Amino acid sequence: MRNWTRRHVLSAGAIAGAGLALGIRPLAAQVADEIVLGGSIPLTGVFAFAGIGIHAGIQDYLKIVNDAGGVEGRKVKYVAEDTGYKVDASVAAFNKITSQEKVSLYYGDSTGFSKTINPELERRGSILMAGASFASELNDPKKYPLQFMAGPDYSEMFGILLRYIANEKAGARLAFVYSDTEFGRDPIVPSEALAKTLGLEVVEKIVTPPGSVDVSTEVLKLRRARPDFTIFHGYVLAPIPEFIAQAKQMGLASRFMGTFWSMDNSTVERMGEAADGFMGVMPYRYYYDTEGESPMLEKIRQMRPEYQSTAYLQGFVTALLMCEAAKRTLAAGKELTGANLKAGLNSIKDFDTGGLFGVPISIPGNSVPIGRIYAFDGKAKQMKPASDWIRLEA
Amino acid sequence: MAAPHLLEVDNIEVVYNRTIQVLRGLSLVVPKGRIVALLGSNGAGKSTLLKAVSNLLAIEDGAVTSGAIRFAGEDIAALAPHTLARRGLFHVMEGRRIFEDLTVEENLTAATFALTGRGASKPSFERVYSYFPRLHERRKGLAGYLSGGEQQMLAIGRALVAEPSLILLDEPSLGLAPKMVEEIFTIIARINADEGVSMLLVEQNATVALAVAHQGYIMETGKLVIEGSVDKLIHDQDVREFYLGFGGGGDARSYRDVKHYKRRKRWLS
Amino acid sequence: MRIGTLKTSYAADEALFDTRLQKLLILLACAAAVLFPFVASPYWLFLACLCAINVASATGLNILTGYTGLVSLGQAAFMSVGAYTVAVLEIHAGTPFLLNLLVGGLLTALVGIGVGIPSLRVKGLYLAIATIAASVVLHFVFAHWPLTGGMQGLSMPPARLFGMALDQPFQLYWLILPVTGLMVLGAANLFRTRVGRAFIAIRDRDISAEVLGIPLLRYKLMSFAVSSFYAGLAGGLWAYFFRVVTPESFPLVNSIFYLAAIIVGGMGTILGGILGAVFMTMVPELLKFVAGLVTPFYPDALALLAPVRTIVFGSLIVGFLIFEPHGLAEIWRRIRRFFHLWPFRT
Amino acid sequence: MTEAARDVILDVEGVSLAFGGVRALTDVSFSVRRGSITAVIGPNGAGKTSLFNTISGFYRPRSGNIAFDGRSLAGTAPPERARLGLARTFQNIALFRGMTVLDNIKLGRHAHMRTGLLDALVYRGRARREELELRAEIEERIIDFLEIQHIRNAPVATLPYGLRKRVELARALAMRPRLLMLDEPVAGMNREETEDMARFILDVKEEWDVTILMVEHDMGMVMDISDHVVVLNFGQVIAEGGPAAVQADPAVVAAYLGAGDLGRRLSGPEAA
Amino acid sequence: MTDWLFLTEVFLAGLGSGALYAVTGVAFVLIYKATRVVNLAIGEILMLGGYAFFGAAAGWHLPAWVALPVAILAGALVGAVVERGLIRPMIGESPISVFMVTIGLGSILAGFVQIVWGADPLRLPEFLPSAPIFIGEAYVAPKVAYGFLAAMVVVTAFVLGLRFSRGGVALKATAADQAAAYSVGIDVPRVFSLSWIVACGVAAGAGVLVGAIGGISPTMGVFGLSVLVVVIVGGLDSMAGALVGGLFIGVVEAFAGTFLGGEYRFLVTFSILILILMIRPYGLFGTHEIERL
């Protein structure tokens with residue numbers, strides 16, 4: 001046993017040494033005019049379902065771009081590291097990638113990471129970043145000048161939902177159900193205020209601890225409040241289905257809604273019986289949406305004949321917007337600095353994303369405040385549009 | 001020797017924690033149907049010997065490093081303590097070790113596990129209660145509330161339930177009033193006579209031990225120093241002086257003098 | 001090879017590093033530590049800083065758990081106290097970073113003493129659970145107190161030294177490594193004196209410690225104080241390193257991580273705390289590296305990384321406890337002994 | 001204070017102790033003369049160790065008083081008693097297994113040292129001076145005296161039984177004791193080891209000027225080296241006096257023999 | 001706030017989740033009683049049960065009444081392997097080392113589940129009747145009600161079995177004094193093995209109930225943390241304590257969640273834990289002294 005242990009340790013040490021040698025090696029050889037898109041991607045951990053889609057989406061879009069000759073003749077190289085959705089691992093990945101490549105674009109996996117790394121971004125001034133977080137806080141060009149998100153922020157998602165509700169039923173009673181996390185709490189305060197101005201009444205706010213398994217008491221609270229609409233936020237799947245199932249068993253006649261990360265078709269499908277009629281906000285068209293012109297969706301469907309998640313689309317769109325920003329910067333004859341890239345991004349006006357967003361978009365700030373309400377059709381097992389595209393005015 | 005020995009301890013050595021040697025080259029036998037007393041002072045290794053025999057040593061990180069122990073002709077080295085109990089070697093441990101949170105009857109029930117595999121019919125505690133009527137009175141009470149003497153009775157009662165051929169008794173007189181010691185030793189002798197159970201009895205109270213035993217061993221610091229029939233032992237001058245407490249002619253040298261000859265040794269070195 | 005040691009004074013015998021070889025090794029290690037930032041990439045500097053922070057915290061936990069025998073599952077929560085203190089001071093008071101670190105450490109020590117008070121009544125597992133409970137309470141406070149920024153936490157400016165912002169691994173290295181070095185040295189010193197011996201006595205047999213004149217409660221609380229002071233400092237360093245502190249930055253898993261680090265490294269040895277923390281910090285990186293190597297042959301390797309990491313983490317704890325309870329420090333000692341006697345015995 | 005009282009270092013008066021209704025000690029009174037070796041004997045379970053634990057301060061007596069050097073110990077915690085000069089060893093050896101012999105001995109001095117936490121962390125000035133002084137004293141006085149130079153850096157866990165007992169004695173000596181309580185110092189030792197220990201005990205008394213109170217089963221040694229013997233049985237003192245007198249006391253003989261019919265069979269004249 | 005109906009409903013929901021705590025607590029106590037091991041992996045074994053059920057019911061398309069025994073057997077098997085492979089070699093080590101081994105085990109199990117079933121939360125196929133249940137006018141979620149019933153049957157079986165069976169005597173004897181139990185002929189290692197096997201089976205069964213209500217995910221092991229509170233409050237070695245503690249904590253959590261908000265749940269239960277530790281370290285029903293380190 002003893003011998004084994006020692007040998008084991010020694011060989012582990014040897015491997016570690018090899019790793020060290022490789023790591024310390026000076027900047028990896030890089031083709032002179034490549035543009036590098038780095039990524040801290042949660043390929044594993046609790047957010048892996050999204051990370052894997054995002055990863056594929058970015059790769060696919062870059063393939064399309066590179067096959068077409070790149071951005072202004074320059075190829076885009078994608079370098080990603082897994083983070084397990086942990087802030088320190090994301091920071092480590094960032095440090096690792098930026099120490100080996102000259103990175104201009106970066107995809108970050110969480111709000112915490114984006115907040116952590118932003119001072120560093122500003123210090124470097126060479127990178128434009130986007131990511132999986134739609135945190136309202138990040139949607140502030142003054143505080144986060146080198147950041148953007150490929151869709152509405154969480155408060156804007158609520159804004160879209162509330163506008164829809166106000167249209168459907170004036171003075172409707174609302175309940176917000178959200179997790180006790182940064183993600184969950186993000187849009188609650190501003191959305192309450194917005195609901196008031198729209199003449200809606202927030203009758204109940206239910207916070208659940210993260211990882212909660214039993215929601216029976218919360219459902220009792222919900223039943224007592226008798227809302228017309230219940231909006232879930234800060235979850236992916238659990239405990240939404242249980243909430244809905246129990247509420248339906250109790251005969252509660254509320255409609256249930258979600259935000260971006262709960263809105264993937266396969267996620268909603270997994271809600272089982274509870275899925276029918278589940279609605280929510282989505283800035284993109286779904287993979288199977290064949291209505292109207294959407295050459296990009298066509299291309300995606302050609303590349304990948306099976307259904308692709310909304311996370312895939314999010315990664316795809318983010319890469320698309322990043323490349324567009326780079327293209328505009330280079331076309332203007334400017335260097336690829338963070339500020340220039342952001343300026344390039346902000347110059348996007350009435351831009352057609354190849355039909356991924358249903359309408360042409362503009363990015364005056366850090367977000368793309370557009371979305372549409374979809375509802376799940378139990379028979380077709382698909383999300384179907386329930387509203388037209390809703391554009392929030394800045 | 002015509003009578004086969006029920007227990008043979010053959011030249012064993014015992015070590016604790018891989019370092020501390022407690023028994024060195026110790027041998028003894030228990031003939032069938034007899035009570036053998038093992039006497040010696042504290043720390044001499046008597047309890048250790050019993051634990052070596054019942055294989056309970058391992059629990060305390062002790063081990064028999066050489067020699068052999070045979071029970072009914074079979075080497076016990078590979079037998080777990082409960083297996084030994086089921087084969088008829090029952091250890092009544094020092095300090096009684098009854099299950100205090102269990103009732104008297106549950107304590108006896110626990111001992112029925114020793115009958116596993118012997119195909120015995122439903123065990124009855126009548127025999128126990130006939131030897132110890134007091135236990136019958138208190139059979140529904142928690143064993144922890146029994147007096148010290150009653151607890152010792154229960155410990156021996158458990159042994160009776162197990163129907164053993166050999167009982168190892170570790171200091172049954174410990175902490176008991178003289179009257180109670182008398183009572184218990186009388187019953188021990190009766191059990192031996194009535195049931196034909198052999199016993200290996202470890203005691204510090206040499207007087208009572210030799211009163212019930214047929215033969216005895218005396219050990220000091222891990223080694224046997226004197227052995228023989230009880231008659232021989234009680235006539236031995238050293239035994240009378242050191243174990244039975246009869247004053248007598250002094251030792252060769254007093255510990256008070258050690259300073260002088262030891263000191264010399266120190267100067268020399 | 002070395003045959004024995006001759007020493008001419010008790011002072012020499014009481015020294016931390018007693019052989020010439022050891023002194024040489026330490027000198028070499030120091031030189032390497034000074035040179036390292038100039039040759040390493042930011043990524044490796046990043047890892048070095050992270051290792052150093054974890055070493056500081058693990059050493060603190062080792063004082064409490066490894067040396068005093070009081071098991072704590074609250075080390076990460078203690079770190080969060082230090083981290084938040086530093087962040088709040090940096091944001092609102094703008095005081096110099098060394099002062100902030102010190103205040104963070106002292107405040108954490110106070111919290112540690114509070115958490116340690118039950119230690120006279122409850123021991124072992126119960127104490128460990130009391131520290132979990134304390135973690136839960138601290139987490140709640142930080143997550144709901146406006147001063148600590150609620151669930152969003154605090155983003156803070158970098159430490160400043162002579163007007164220069166310490167915001168890259170290269171600069172932070174010069175802050176983090178010396179502080180950690182001093183902390184480790186302090187811990188090593190502690191166990192050369194009566195205070196450290198009293199801790200060990202309490203671990204080994206607290207009743208007889210009392211007979212030797214060691215007041216139990218006082219020393220148990222002292223151990224909690226020192227240990228959480230270390231945690232607070234480590235948390236402060238962490239805050240300067242990541243510059244954002246949220247309630248999720250210091251989950252219970254991190255407390256388990258530190259406990260695992262000292263188990264793997266070796267409980268109750270200074271070297272163990274260092275080796276364990278470095279080892280446990282590097283293992284995930286190593287796994288990532290291996291996954292990278294395997295990816296060409298097995299494309300899903302990366303996706304398996306997180307569960308494999310979890311399994312390896314658990315297996316290291318279990319494996320070391322079963323096969324090498326004295327940890328890496330013991331393995332190191334055996335290797336050293338091997339070379340001392342080499343080539344006469346193998 | 002009378003002359004006689006000044007001569008007494010430890011005075012146990014009317015001490016009773018009970019554990020949840022079970023009486024461990026009943027009205028125990030005796031005193032230990034300064035500079036003497038006093039032995040407490042009695043059958044197993046007679047309450048000897050309980051008595052020691054009461055004097056050490058682990059158990060609080062239900063009634064009675066213990067005075068050390070004329071000062072009542074009531075309300076004094078064990079660590080404080082150690083500082084006053086009350087040292088002891090344990091029946092089943094309470095050394096710290098994870099530490100070396102040297103560190104174990106150093107621990108004995110704890111109560112008399114003054115190094116604080118901050119001193120300790122920097123190990124300069126007082127901490128260093130104090131440690132080095134202690135080391136020198138231990139080496140030159142204690143280790144040399146008990147002849148354990150060769151094992152001083154060995155971890156205690158690796159030592160044989162006899163040596164451990166000696167290390168425990170060394171640690172007690174490091175406590176600067178005025179009264180040294182030894183709980184079965186020679187239990188489990190052979191004649192040779194017992195002789196060594198007896199010599200050390202006598203030397204400690206004479207050269208270190210320490211009073212000794214011990215519990216011991218080895219009658220030979222007790223009778224040879226003690227000046228005064230206290231006999232406990234069922235938590236009560238049944239006899240007290242010089243070794244010879246105690247040995248001859250019928251109550252003592254009965255306590256060891258049991259006084260019933262079984263015992264009489266052997267103690268009768270015909271047996272001799 | 002004198003809406004009695006609502007209060008009753010909250011109370012019943014609390015009892016429902018409390019019953020699941022109780023049954024898992026019983027599994028925990030069983031292991032502790034027999035082997036003195038504080039098994040922190042109980043939450044992960046519960047999780048494994050949920051996944052095993054999922055694997056059998058959704059993967060192999062077995063009916064629920066087959067999948068449930070499969071899950072319980074899977075738990076029992078893990079219990080047997082763990083006891084032989086990890087716990088037996090640790091006999092005689094400090095309780096804290098063994099406790100850390102179970103923490104490591106929990107981590108291994110969580111990783112294993114992720115490798116096999118992925119990190120996403122999953123839902124178990126519906127197998128409990130979904131018709132709403134009313135007690136008087138008070139509504140009880142059907143799953144909660146059936147979970148409560150099942151849990152109570154198991155807990156009662158354990159409490160009674162322990163009190164009146166010969167096996168119960170063996171367990172209590174082993175718990176009280178291993179050496180003495182050995183000496184009276186009780187096969188102590190078998191008691192150890194059986195207690196792990198049975199307890200892990202029960203925990204796995206509880207995992208199916210918990211999973212049916214809240215879905216399953218690799219982080220489900222957190223449930224074990226609440227169970228830890230339950231058994232400390234009830235007393236580590238008391239089955240009755242686990243029952244009372246479980247129901248108590250369940251109800252307290254329900255009311256805390258309702259009237260203070262979900263984020264207060266952990267705070268309240270752990271505050272109770274601290275309180276109990278200060279005033280009654282062995283819990284409400286615990287009988288044994290604190291283990292020494």
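Here the structure is a predicted model, which is why all the values come from computation and not from measurement.
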May I ask you to check whether [X] and [Y] show a side-chain donor-acceptor distance below 3.5 Å?
X: Tyr67(C); Y: Asn62(C); value: no
X: Glu253(E); Y: Tyr21(E); value: yes
X: Ser193(E); Y: Arg88(E); value: yes

Go through Phe270(E) and Phe140(C) one step at a time and tell me if the ring-ring contact (aromatic ring centres under 6.0 Å, His included) criterion holds. CA-CA 11 Å; Phe270(E) 275 91; Phe140(C) 184 87; over 10 Å; no

Side chain, backbone, both or neither: which part of [X] has a heavy atom under 4.5 Å from chain C?
X: Leu267(E); value: both
X: Ile232(E); value: side chain
X: Leu109(E); value: neither
X: Met100(E); value: both

Segment of [X] engaging chain E (4.5 angstrom heavy-atom cut-off):
X: Ile317(C); value: side chain
X: Leu127(C); value: neither
X: His144(C); value: side chain

Please find out if less than 6.0 Å separates the ring center of Tyr84(C) from that of Phe142(C). yes

